[in-house]
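Heads up, the thing below is written out as structure tokens.
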Amino acid sequence: MLDQAQTDFGRTVDRMLGGAGTPHAVRAWARGEHAAGRAVWGRLADAGVMSLAVPEAYEGVGPLPVELGVAYVAAGRHAVPGPLAETAAATVLLAALAESGTARSGQAAKDWLPRIADGRALVTLAAADGGPYALDADAADAVFAVAGEELWLAPGHGPVQPSFDPARRLARPLPGGELLARGPAVAAAAAHAADWAAFATAALSLGTGLALVERTAAYVTQRTQFGRPIGSFQAVKHRLADALIGLEFARPLLYGAAVALTSGPGGDAHASGPAGTAHASGPAGTAHASGPGGGALASGPEGGARAAVAAAKVATGEAAYTAARTALQLHGALGYTDEYDLSLWIRKARALRSAWGSPSVCRARVLAP
Amino acid sequence: MDLDLTEPQSAFRAEARRWLAAHTPAVPLPSLETAEGFAAHRAWERTLAADRWSAVTWPEEYGGRGASVIEWLLFEEEYYAAGAPGRVSQNGISLLAPTLFEHGSAEQRARILPPMARGETIWAQAWSEPESGSDLASLRSTARRTDGGWRLSGQKTWSSRAAFADRAFGLFRSDPEAGAPHRGLTYLMFALDAPGVTVRPIGRLDGKPAFAELFLDEVFVPDEDVIGEPGQGWRIAMSTAGNERGLTLRSPGRFTAAARRLAALWRERAGEAGSDAGAGARSGAGAGAGVEAAALRDRVADAVIGARAYELFAYAGASRLAAGGSLGAESSLNKVFWSELDIALHETALDLLGPHGELSDAAEDPDAPGPWSDGYTFALAGPIYAGTNEIQRDIVAERLLGLPKGRR
């Protein structure tokens, strides 16, 4: 599904993060000490990851959602702390509003996007789709907030609210600050940015789930009971196999969503002659209308990019959560401890599941007409 | 990464769509698990073959179109979207034919494939035995060397399609002295009406004779009907088993079409009852109705998501095959996923139909579930055949996750 360059890019980011000491950075981040985490972000920026959502006009290379997905799966696999999804979403939002052009939003894009692209700035975003909190506002250089049809650069944030995942530090943006844009364009751009946030969260979820399954496979292979590795027991094998199956079938949905996002705001990746619109969703057993010829593969998501992202979010979120439950169960009491690093991924899987669209909200989007 | 079709692929798909629109029977055929339905489905295979649509990936000399795997997936999408009949020749086309392409002789391909493509010879599989299911290598039926061929004896069971089919293929123990159970097996083909063969049809859950027991008593098979080298049957059969589990048996078109119909059914039901979550609560039906509607909505969405996932997964696999790769243990991921998706999808449809959901496909009431009921019965077998899902999970755990082998 991915081409060779995309696969190689993912491997490069993954290898780089493997040597970045992320568990230590995550634990420090959870205490509000951000230096180690910022260093990991610096490495991501050096690898080009932070420029993937930033348009060329602002010194980026994007938007490249497939590559961003690949990199964020690696970030999830290594539990990189920080507002990765929010930075990507804020980037898309600022770029979109700069195009639709008020002076102030244009200036905000010029101020922030080049600094995001090269890793100098870490920003976060609160918007209706993602709930009232801005993730890691205490670590961010800028807190953006969408309220209805207004985009604000918030003057600060309220107290940090602890999350089930202590490395996710939630705080409400303070009201007021600088009004960057106003009007219907803000709501449309915010919806598109929320899709990017959900997509980025899905990629982080997939990486989180993969890490949980890999770590658990290694553990059950070396842990011995009744004179045999517990991984030789079918009850253990089958549970882990099911976790892997969930992740492997979530993966194509993630990259399918990336392709749908490539076509831009409100886009439909299949607009060039989609089977998805060509097949009538009419009564059972009837033939489909003869739509425009050519087009993209297969049935296609009927609701365009939003539905494709929602499908990926449900599938990755559920699969990663299943992987977390499986990892916890198969590690026994060890998995239930804070001090064993597995906890970093177990807690993240739970939090990412409901970030930027709960499973139920996303399922409704999949079926939205 | 590229999800777009090439010009020739789009043209191929358009041609398939046009042909299917012109030829798909307006009224569904009777169930292929009945004598009448089997004959009707055999005739449909002839219609497909007349325009080279019965086995599109085969070379033209055998009745195919030399289509790529991607084109085959496109054909299948169109096929199921058009509501075209089930494929009575599936065992032959998706299990035996790939084996012949890989291990058979040119003479065998020339003799066997064209009548298979035309539906003149319908094939049944003969793997399982009463004492050999998941542990297939323990099988006891024998092939004994004789002048010019072999004599088959023993008992086969759960032989799909065998109640009405013409010929069968399977594994037989040709060398009882071989060192290990999976050695000394030979892959043979035989006629179901040959002297010494007795076929006893078995009713599946809904009573239809979808499979059969085969009793073999000194059945003569000429040497020309041995596939590959005698004694190499296990290795040859395992390449076929990969086909059965992986891409070929269950193309995504079947699930994407069913998921689309399920979503349509859900919209229709939600519209009729005014019972989407919000409306249910507002209309005074009580919060319970709204919650139930939301729960059903989630299951419908999961079916749609699952079908889309399977479709994208299949196209990714096809791209790898086209690039010269292979599927390997990945086919076990596939098999668990599609078989569980199939059941969940049909269960959801029957639940949406409420009190009508329990009616069989034979019920004539206008509210009866019709194809959903038959599809449900069909789906229930999925986790059992082609290697049970327990065996598949063992394969996933051992070959993809590297867990140690253990007692089954």
Side-chain angles (χ1 to χ4, degrees), chain A residues 1-3 6 66 213-214 217 220-221 228-229 231-234 236-238 240-242 244-245 248-253 255-256 258-259 269 272-273 275 279 281-288 290 293-302 308 311 314-315 359-360 362-364 366-367 369, chain B residues 1-5 7 10-11 14 17 20-21 24 28 70 73-74 77 81-83 252 256 260-261 263-268 294 297-298 300-302 304-313 315-316 319 333 336-337 371 390 392-394 396-398 400-408:
Chain A
M1 198 163 198
L2 300 173
D3 65 32
Q6 290 160 342
V66 177
V213 165
E214 289 158 14
V220 300
T221 302
R228 285 187 287 177
S232 67
F233 300 127
Q234 275 191 318
V236 170
K237 275 183 184 165
H238 291 189
L240 208 45
D242 280 335
L244 181 67
I245 290 166
E248 288 301 336
F249 281 89
R251 191 197 299 267
L253 289 169
Y255 294 119
V259 170
S272 63
H279 296 295
S281 55
T286 58
H288 42 68
S290 55
L297 71 78
S299 62
E302 290 182 5
V314 172
S360 189
C362 289
R363 286 186 174 106
V366 167
L367 292 178
Chain B
M1 197 170 104
D2 185 5
L3 298 183
D4 290 330
L5 300 181
E7 201 56 48
S10 297
R17 184 177 295 184
L20 287 161
T24 300
I70 297 278
L73 289 173
L74 293 170
E77 297 266 356
T256 49
R260 214 175 290 121
R261 283 168 197 146
L265 177 68
W266 172 73
R267 290 199 177 98
E268 182 193 310
R297 182 203 66 197
D298 281 359
V300 172
D302 280 339
V304 170
I305 293 167
R308 177 69 176 162
Y310 186 67
E311 175 184 43
L312 289 166
F313 189 92
Y315 275 91
S319 300
L333 294 171
V336 174
F337 190 83
E390 285 68 32
Q392 308 305 341
R393 289 185 174 100
D394 278 355
V396 168
E398 290 167 14
L400 296 178
L401 290 169
L403 300 197
K405 278 190 186 281
R407 289 177 62 89
R408 300 269 180 247

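Given the structure is predicted, the values throughout are model-derived calculations rather than measurements. The figures here come from the full heavy-atom set of this structure, side chains too, leaving out hydrogens, waters and symmetry mates. In the text below, chain A, chain B and the rest are named by the order of the sequence lines, each starting its count at 1.
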Checklist entry - Between B:L401 and A:E214, is any pair of side-chain heavy atoms under 4.5 Å apart? => result no
Next on the checklist: Just to verify, what does A:T221 make a side chain to side chain contact (heavy atoms under 4.5 Å, CB included) with, not counting sequence neighbours?
Outcome noted: B:L403, B:P404
Checklist entry - Which heavy atom of B:D394 sits nearest a heavy atom of A:Q234, and at what distance? => result OD2-NE2, 2.7 Å
Checklist entry - Where do A:L367 and B:A301 come nearest, in terms of heavy atoms and distance? => result CD1-N, 3.8 Å
Checklist entry - Which residues satisfy the ring pair (Phe, Tyr, Trp, His ring centres under 6.0 Å) test with A:F249, sequence neighbours excluded? => result B:F313, B:F337
Checklist entry - Does any non-hydrogen side-chain atom of B:D4 lie less than 4.5 Å from one of A:V259? => result no
Item to check | Greatest number of heavy atom pairs closer than 4.5 Å to chain A - which of B:A309, B:A316, B:G306 | outcome: B:A309
Item to check | Side chain / backbone / both / neither for A:A364 at chain B, heavy atoms under 4.5 Å | outcome: both
Next on the checklist: Treating A:R363 as the side-chain partner and B:V300 as the backbone partner, does any N or O pair qualify as donor plus acceptor under 3.5 Å?
Outcome noted: no
Next on the checklist: Below 4.5 Å, heavy-atom pairs only: which of A:A250, A:A315, A:S360 has the largest tally toward chain B?
Outcome noted: A:S360
Checklist entry - Most heavy-atom pairs under 4.5 angstrom with chain A, which of B:I305, B:V336, B:L400? => result B:I305
Item to check | From A:K237 atom NZ to B:K405 atom NZ, the distance as rounded to the nearest 0.5 Å | outcome: 7.5 Å
Next on the checklist: Once rounded to the nearest 0.5 Å, what's the spacing between atom CG of A:D3 and atom OG of B:S319?
Outcome noted: 11.5 Å
Checklist outcome for this item: In terms of heavy-atom pairs under 4.5 Å with chain A, the winner among B:I70, B:D302, B:V304 is B:D302
Next on the checklist: Is there a side-chain contact between B:E311 and A:P252 in this structure, where contact means two heavy atoms from C-beta onward sitting under 4.5 Å apart?
Outcome noted: no
